[in-house]
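Here the structure is laid out as structure tokens; the discussion comes afterwards.
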Protein chains: 2
Amino acid sequence: MSMPTSIETLSRSPTANRVRGLKLLANCSRCSIRPASVCSALDAGALSEFEAIGREASFAPRMIVFMEGERADAVYTVTSGLVRLFRLLPNGQRQIVGFGLPGDFLGLPRGERHVYSADAAVGTTACRFHRQDFIMFAENHTRFLRRLHDAAVKALDLAQEQMTQLGPRRADAKIASFILSMRARWMEINGAGESVPLPMSRQDIGDYVGLNIATVSRTFTRLDRQGVIRIVPKGVRILNFPALRQLAEQ
Amino acid sequence: MSMPTSIETLSRSPTANRVRGLKLLANCSRCSIRPASVCSALDAGALSEFEAIGREASFAPRMIVFMEGERADAVYTVTSGLVRLFRLLPNGQRQIVGFGLPGDFLGLPRGERHVYSADAAVGTTACRFHRQDFIMFAENHTRFLRRLHDAAVKALDLAQEQMTQLGPRRADAKIASFILSMRARWMEINGAGESVPLPMSRQDIGDYVGLNIATVSRTFTRLDRQGVIRIVPKGVRILNFPALRQLAEQ
DNA sequence: ACGACGCTTTGCCCTGGGGCAAAGGAAAGG
DNA sequence: CCTTTCCTTTGCCCCAGGGCAAAGCGTCGT
């Protein structure tokens, strides 16, 4: 597997700018990430109906997709790039609660308002739907509604997986788990091998696994020196799987 | 609000024993926690149909409801007591990923197997349904399916809330958040006031918020001494809300 | 090609909380 | 009623990781 090439640099605080462009959905049936997305539950007929209510949105790095507390009047399926899902804590800390990868579905909280914010970590594209259109569509397509439920449960599984990572574990265990978890997610998308893209910054990783940026960096360096991984631009290559798994278990 | 009175002591490792008794569901329409559960989406007709496929199950403290890795062939709605949702990590640690309170829906993972284990922290009752019966019923009752999706999203919200707690926060912030979060959940059930039942053990709390049992204990003691809370049997009474909220924000 | 900016790496010091263990206390069992 | 067992509290020590800051490095824009 090769690293994504056109991934821009990322930086810290989200800009106030919003979506860069909106155009009609071109051709869902040729969408390469559709198998990994909720749209896989749709047949040709439903798909063209679905196309009609969606728009393609592009986000430059650091652009906000939506903010915690805002009315959730649009939902998204990520088609390329990387979305950070995060909460800004009252003490100024940012807790990243998840990463939206291509194929991931975002933006349908329980209530009418978002419970976390989302911004683009890198140049990102997504399909955008008005909440009402989307819900109405889903209610008329039980299979799709079911798939949507699956996606929510999948996200819940991931969140619970993540909770086991965040606890009082050692830094190298957290980082090892993080790398393996990212690898597993990329594999669902494009069958990754030992190269694992990590398009997010060290700060993002730290805010996700609950470590200081310095500790994240030190830990990556240590794993590299120990020959477990090799740090490559915007990712890592796994050199010693058993050792990495062993570390992740600590 | 008064503390639950008949709550037994809890202890550490789950027993291999299973469900204690199974009997027909008596009368869902009189169920006191129904408003807080997925069953609230059902009208009288659907409710009696639903009753027919469920059984009431009782669990003594430490009894297992289901285990991670097992086939998920039954789902549950907790009606009384407390269920611990947890994962046993390879290093022997137990991470509690959630608490199942009365009204909570459990046991429908994305795949066919459970991704975490569940056991009764105290004497607990639940309505039990065969997965297939339940899914078939849900697919025939869109409103119910929708409510089920809401429950999954609610659980996801809670998990993401919990992720913000587990991060690198100070012990008193974690404990303060935990108390406030439990209070909010009890309020949905019985409109609690300043008394917050905590039927789980200190160890459970530690395994949930990511703190050592000793640190949990010390922190409760400190909050008590500072006059923020008062430790009472199987719970706390909140004496100083603003201070507690302030701490939770750190 | 160069400079500026932002991210990453690394060093140094320090503190919050973990590990361990003993004492105290409450509940269950005989 | 007493014993046993488990849970909680508390003390003591130590270390992993946080905070801070400087240096290194890659990237982007001019």
Side-chain angles (χ1 to χ4, degrees), chain A residues 3 5-15 60-62 84 91-94 121-123 166-175 198-207 209-225 229-236 247 250, chain B residues 3 5-15 60-62 84 91-94 121-123 165-175 198-207 209-225 229 231-236 247 250:
Chain A
M3 294 292 170
T5 51
S6 64
I7 283 181
E8 297 89 319
T9 318
L10 1 118
S11 44
R12 191 61 206 286
S13 48
T15 63
R62 302 174 55 178
R84 298 181 283 220
N91 62 6
Q93 283 249 18
R94 177 186 64 163
V122 299
L166 275 169
R169 304 170 69 221
R170 288 175 27 194
D172 46 10
K174 288 184 176 184
I175 295 299
L198 299 176
M200 68 290 287
S201 73
R202 294 285 187 260
Q203 184 70 54
D204 291 337
I205 297 175
D207 288 350
V209 301
L211 288 175
N212 190 288
I213 179 177
T215 304
V216 171
S217 182
R218 270 187 267 266
T219 307
F220 270 100
T221 304
R222 196 181 326 129
L223 292 181
D224 186 302
R225 276 209 262 272
I229 60 171
R230 174 100 319 134
I231 299 174
V232 299
K234 307 211 185 308
V236 295
L247 281 171
Q250 292 311 304
Chain B
M3 293 291 170
T5 52
S6 64
I7 284 182
E8 298 90 321
T9 319
L10 3 117
S11 44
R12 191 62 204 287
S13 47
T15 64
R62 301 174 57 178
R84 297 182 283 221
N91 62 6
Q93 283 247 18
R94 176 186 64 162
V122 298
Q165 314 297 344
L166 274 168
R169 305 171 67 221
R170 287 174 29 190
D172 47 9
K174 288 183 175 186
I175 295 298
L198 299 175
M200 67 291 288
S201 72
R202 294 284 187 260
Q203 183 69 57
D204 291 337
I205 297 174
D207 288 351
V209 301
L211 288 175
N212 190 289
I213 179 177
T215 304
V216 172
S217 181
R218 270 188 268 264
T219 306
F220 270 100
T221 303
R222 196 181 328 128
L223 292 182
D224 185 301
R225 276 208 264 269
I229 60 170
I231 298 174
V232 299
K234 307 210 184 308
V236 295
L247 281 171
Q250 293 310 305

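Quick note on labels: first sequence line is chain A, next is B, and so on, each numbered from 1. Note that the structure is predicted; figures quoted are calculated from it, not measured.
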(request) Write down the distance between CD1 (A:Ile231) and C1' (D:dG26), rounded to a whole number of angstrom. (result) 15 Å
(message) Let's see if you can work this out: which of D:dG18, C:dT8, C:dG18 has an atom nearest to the side-chain heavy atoms of B:Thr215?
(response) C:dG18
(message) Could you tell me how far apart B:Arg170 (CZ) and D:dG19 (P) are, to the nearest whole angstrom?
(response) 11 Å
(request) Run through A:Asp204, A:Val236, A:Val232, A:Ile231 and flag the one making a side chain to side chain contact (heavy atoms under 4.5 Å, CB included) with A:Leu198. (result) A:Val236
(request) Quickly work out the A:Ile175 CD1 to C:dT9 C1' distance and round it to whole Å. (result) 14 Å
(request) Take the protein atom CG of A:Leu223 and the nucleotide atom P of C:dT10, then report the distance between them rounded to whole Å. (result) 13 Å
(request) Starting from P on C:dT10, measure out to CZ on A:Arg202 and report it in whole angstrom. (result) 11 Å
(message) Distance check needed: D:dT10 P versus B:Arg225 CZ, whole Å only.
(response) 5 Å
(message) Is the phosphate of C:dC7 approached by A:Ser201 (side-chain N or O, under 4.0 Å from OP1 or OP2)?
(response) no
(message) So for B:Arg218 and C:dG16, does any side-chain atom that can act as donor or acceptor lie under 3.5 Å from a complementary atom in the base?
(response) no
(message) Test your reading of the model: is there a side-chain donor-acceptor pair from A:Ser217 to the backbone of A:Ile213, 3.5 Å cut-off?
(response) no
(request) Would you please confirm or rule out a distance under 4.0 Å between OP1 or OP2 of D:dT9 and any side-chain N or O of B:Ser217? (result) yes
(message) Strictly distance-based, threshold 3.5 Å: is any side-chain N or O of A:Lys174 a donor or acceptor partner for the main-chain N or O of A:Val209?
(response) yes
(request) Nearest whole angstrom, please: distance from the C1' of C:dC5 to the CZ of A:Arg62. (result) 11 Å
(request) Round to the nearest Å and state the distance from A:Asn212 atom CG to D:dG19 atom C1'. (result) 7 Å
(request) Report yes or no: does B:Asp224 contribute a side-chain atom to a donor-acceptor pair with the main-chain N or O of B:Thr221 at less than 3.5 Å? (result) no
(request) Answer with base, sugar-phosphate or nothing: what part of the nucleic acid does B:Arg222 contact at a heavy-atom distance below 4.0 Å? (result) nothing
(message) What's B:Thr221 touching, base or sugar-phosphate or nothing? Going by heavy atoms closer than 4.0 Å.
(response) sugar-phosphate
(message) Could you measure the distance from the CG atom of A:Asn212 to the CZ atom of A:Arg202? Nearest 0.5 Å is fine.
(response) 13.5 Å
